[in-house]
Amino acid sequence: MSTPPAGIARLLPVTPAGAAMDLRSLSVHEAHFGRLPVVDGPRIGKPGSLVHELEKSGLRGRGGGWFPTARKVHAVVESAAARRAWSAGRKPVVIANAMEGEPASSKDAILLRHNPHLVLDGVTALAATLGAEKAYIAIHRGSPIIDVVTRALADRNDPVTIELVTPPARYVSSEESALSHWIGDGVGTPVFGKRPFERGVNDRPTAVQNAETMAHIGLIARFGGEWFASVGEPTAPGTCLVSVSGVVNSPGVIEVAVGTPVSEIINRCNGFSGESSGFLTGGYGGAWVSQDSLMAAHWSPDSVAAAGGVIGAGILWALDARTCPLHEVARVAHWMAGESAGQCGPCRFGLPSLADDLDVIAGKHAQMSDVHRLNARLPLVQMRGGCKHPDGTARFIGTAMHVFQAEVAHHLRGHCCATTSGTALPIAGMRPSPVGFPGKDFK
Ligand code: SF4
């Protein structure tokens, strides 16, 4: 076993000069991390022994939900055992989710650009411990990372075939049931009532893990769970990647120990470059938090939640105070409405209505009744969709109405604090809303 990485630069190691190491070559990767050890497979309906290290590690998925990885592994194996999947020739499937549907996130792309083999090692290790027959890495169509991963795969000789797939660049196509749906049936829309760990790709038990989670698995397979948990918080051990953007001097992706003070994260980005009106945490399915609350918090699921936010896929955006937050929220709400799969009422009718309400409130002729109407509509879209897309969008809007309540009051008086007509939050190609039923743009 080679020496475990010291410090917190585990996924994105740096050179002595402080630059990100380029580990795209398999030989350089193995010289740095050592070879991936052989990982044993499942026996008598139990996962291979890697699951014990995952339990010790306390690793939680870094794709947004922070669900315990070991529990997901057990769930896939129990589902496979109940259906005699291995003897019936319907072995489990593994998917590395590098879709990065959140426009404000770039952590998976940066990780794969610098360190693709560690992600692929995690896929290989997870596939082995599940006795999987096939594995996939999903990157959204058109991503520049596709070339990097294609070359990395060509260098490898993994015991389980890893296929690169490129689903459409739609927000909801990165949802785990949508990924399984696209790989199995060619349609990247969420599926109701069937969770991938039970019935995923072609109805096989399917383990979907985010690309960053896979990279952590690649390290745990080498260095063990105790080493992994030697940094971070007891309830969320390890390091994590954070996409930091907005009014900071050095925006980018940084790796921190879970539980690092948010103020320290901002310092690592060389401080604020201007005044911020509030933080977006977790992306467009996440939550807004006031600057004072978040700067007093630590970057862990519990601490950020206590401040009113959500880590989600590791997004931290300091909104430029020169822009109108209500215009920004309205613009993103329209985009989120257009990104839905258009299969359920909350997405077909609810999200476009919420976005229209926000347009009115962001204008200069809003009335209190417009705010009341929006607040009354928000709960109507929650817990009623086939996936969490409307819930996340409602949280994004609802927390904005709370954090930016002074700006709402200003608009009700016919004013706006913005000193620029520019926009801040990124969105990709606005789609019309309400959307039609799933069409070819989900294929
Ligand atoms: S809630 Fe929205 S995004 Fe989710 S499945 Fe239904 S229509 Fe699609």
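In each ligand, atom 1 is the first atom listed, and ligand 1 is the first ligand listed.
For R84, the CZ atom counts as loosely surrounded, since its 6.0 Å shell holds 12 or fewer non-hydrogen atoms of other residues, nucleotides or ligands. Heavy-atom neighbours of Q405 CD from other residues, nucleotides or ligands within 6.0 Å: above the threshold of 12.
Among the backbone and side-chain atoms of C344, no N/O/S atom is found under 2.8 Å from atom 4 (Fe) of ligand 1.
The atoms of ligand 1 that sit less than 4.0 Å from any heavy atom of G385 are 1 (S). Ligand-side atoms of ligand 1 in range of F192: 5 (S), range being under 4.0 angstrom from any heavy atom. Using a 4.0 Å cut-off to heavy atoms of G386, the atoms of ligand 1 that qualify are 1 (S), 6 (Fe). Residue V172 approaches ligand 1 through these ligand atoms, each under 4.0 Å from one of its heavy atoms: 3 (S).
At a heavy-atom cutoff of 4.0 Å, ligand 1 is contacted by both the backbone and the side chain of Q343. Within the 4.0 Å heavy-atom criterion, the part of P190 lying near ligand 1 is the side chain and not the backbone.
Protein heavy atom closest to atom 8 (Fe) of ligand 1, with residue, atom name and distance, is A341 CB, 3.1 Å. Nearest non-hydrogen protein atom to atom 2 (Fe) of ligand 1 is C347 SG, 2.2 Å.
Ion pairing between E198 and R195 fails under the 4.0 Å rule for side-chain N and carboxylate O. The pair R24-D147 fails the salt-bridge criterion, with no side-chain N (NZ, NE, NH1 or NH2) lying under 4.0 Å from an Asp/Glu carboxylate O. A salt bridge links K72 with E176: the closest approach of a Lys/Arg side-chain nitrogen to an acidic carboxylate oxygen falls below 4.0 angstrom.
Scanning S173, C387, G342, P390 for the heavy atom closest to atom 4 (Fe) of ligand 1 points to C387.
With 3.5 Å as the limit, one finds no donor-acceptor pair spanning the side chains of S180 and S177. Counting only N and O atoms by type, the side chains of H74 and E55 include a donor and acceptor under 3.5 Å apart. Residues T239 and E255 bring a donor and an acceptor atom of their side chains to less than 3.5 Å of each other.
Proximity of P346 to ligand 1 is not established, as no heavy-atom distance is less than 4.0 Å.
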